[in-house]
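The next block holds one structure in the form of structure tokens; read it before the comments.
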Amino acid sequence: MPTKVLVAFYSSYGHVHRMALAVAEGAQGVRDVEVRLRRIPELEEARRAMSAQEWYVKAQEAMADIPEATQDDLRWADGIAWGIPTRFGNMPAQVKQFLDQLGGMWQKGELEDKATGIFTSTATIHGGQETTIITSLIPLLHLGMIFVGTPYGQNPEIMVTDGVGGSPYGPGTLAGGDGSRQPVETELTTARNLGSRLAKASAALRPLRASDPHGQQPDAPQYHEGSA
Ligand SMILES: Cc1cc2nc3c(=O)[nH]c(=O)nc-3n(C[C@H](O)[C@H](O)[C@H](O)COP(=O)(O)O)c2cc1C
């Protein structure tokens with residue numbers, strides 16, 4: 001059975017989409033790995049607010065063929081890479097909304113001991129490259145996932161003092177204040193490295209999960225009734 005890697009991303013203007021393709025490429029390069037690329041659904045309020053922006057419309061058209069991520073995609077995966085552009089140093093509402101529907105999966109421990117990693121995009125170098133990944137990690141830790149970063153030793157391209165995205169916490173790109181900057185090769189390299197490291201970690205963790213199916217505890221804590 002191949003190791004299954006899900007690359008789930010949200011992108012308004014295409015930068016995280018481009019990085020997601022590189023993460024998927026890196027995962028696909030590992031032997032016996034199957035990759036799914038999925039979009040985290042747009043929120044209707046956001047679509048309405050941005051639909052007059054030409055770059056938004058073009059970027060959404062370019063990713064229209066990519067299926068939307070579902071909870072079944074999360075179940076299917078042995079490992080999940082999340083593409084999360086920054087909003088004020090934190091995750092966008094689209095990603096929060098998607099994660100906030102996972103109460104039922106959390107209760108059953110369905111994501112426990114799956115490998116996970118995060119890649120990001122910010123307008124500027126100090127706009128949240130690290131904080132977006134660190135703050136997005138918190139719910140993933142609640143869900144029991146095991147974090148895979150992009151350490152300096154394996155990613156010498158992030159050992160820089162100039163304006164390039166990426167950190168030991170995960171790959172990143174810089175969109176620029178007007179969104180005109182596109183991911184550069186060093187950023188795409190780190191993204192591919194995350195994909196390949198995540199695929200290997202996902203394969204290595206499979207025996208752990210097989211010995212403890214879904215990690216479900218008999219006295220699993222409950223959110224109040226009606227939790228998704
Ligand atoms: C509401 C909002 C808040 C943002 N906050 C930040 C921020 O705090 N720091 C930053 O560098 N960029 C910020 N940005 C810019 C986005 O991060 C940027 O558009 C995004 O990384 C581009 O990725 P995408 O093309 O995949 O959507 C913000 C954008 C929006 C719409």
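Counting starts at 1 for both ligands and their atoms, in listed order.
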Shortest protein heavy-atom distance from atom 29 (C) of ligand 1, along with the residue and atom involved: R87 NH1, 3.8 Å
Any donor-acceptor N/O pair, E34 side chain to L6 backbone, under 3.5 Å: no
Any N or O of H15 closer than 3.5 Å to N or O of ligand 1: yes
Ring geometry between Y56 and Y13 (parallel below 30°, tilted from 30 to 60°, perpendicular above 60°): perpendicular
Test item: Q97 side-chain N/O and Q94 main-chain N/O as donor-acceptor pair under 3.5 Å: no
Identity and separation of the nearest protein heavy atom to atom 19 (O) of ligand 1: Y13 CD1, 3.7 Å
Interfacing atoms of ligand 1 (cut-off 4.0 Å, heavy-atom, S11): 24 (P), 25 (O), 26 (O), 27 (O)
Heteroatom proximity flag, T86 to ligand 1, N/O under 3.5 Å: yes
Main-chain N/O of S12 paired to Q60 side chain as donor or acceptor, under 3.5 Å: yes
Short side-chain to backbone donor-acceptor contact, T131 and G89, under 3.5 Å: yes
Check: A175 N/O within less than 3.5 Å of ligand 1 N/O: no
Check: P85 N/O within less than 3.5 Å of ligand 1 N/O: no
Nearest neighbour in protein (non-hydrogen) for atom 9 (N) of ligand 1: G127 O, 2.8 Å
With T173, the side-chain contact (heavy atoms from CB on, under 4.5 Å) member among Q129, R181, Q182: R181
Per atom 21 (O) of ligand 1, closest listed option by heavy atom (G128, S121, G165): S121
Donor-acceptor contact below 3.5 Å, side chain K200 vs main chain V30: no
Option set A123, G172, G179, criterion heavy-atom distance to atom 15 (C) of ligand 1, minimum: A123
Enumerated ligand 1 atoms positioned under 4.0 Å from heavy atoms of T124: 11 (O)
Contact atoms of ligand 1, heavy-atom distance to G89 under 4.0 Å: 8 (O)
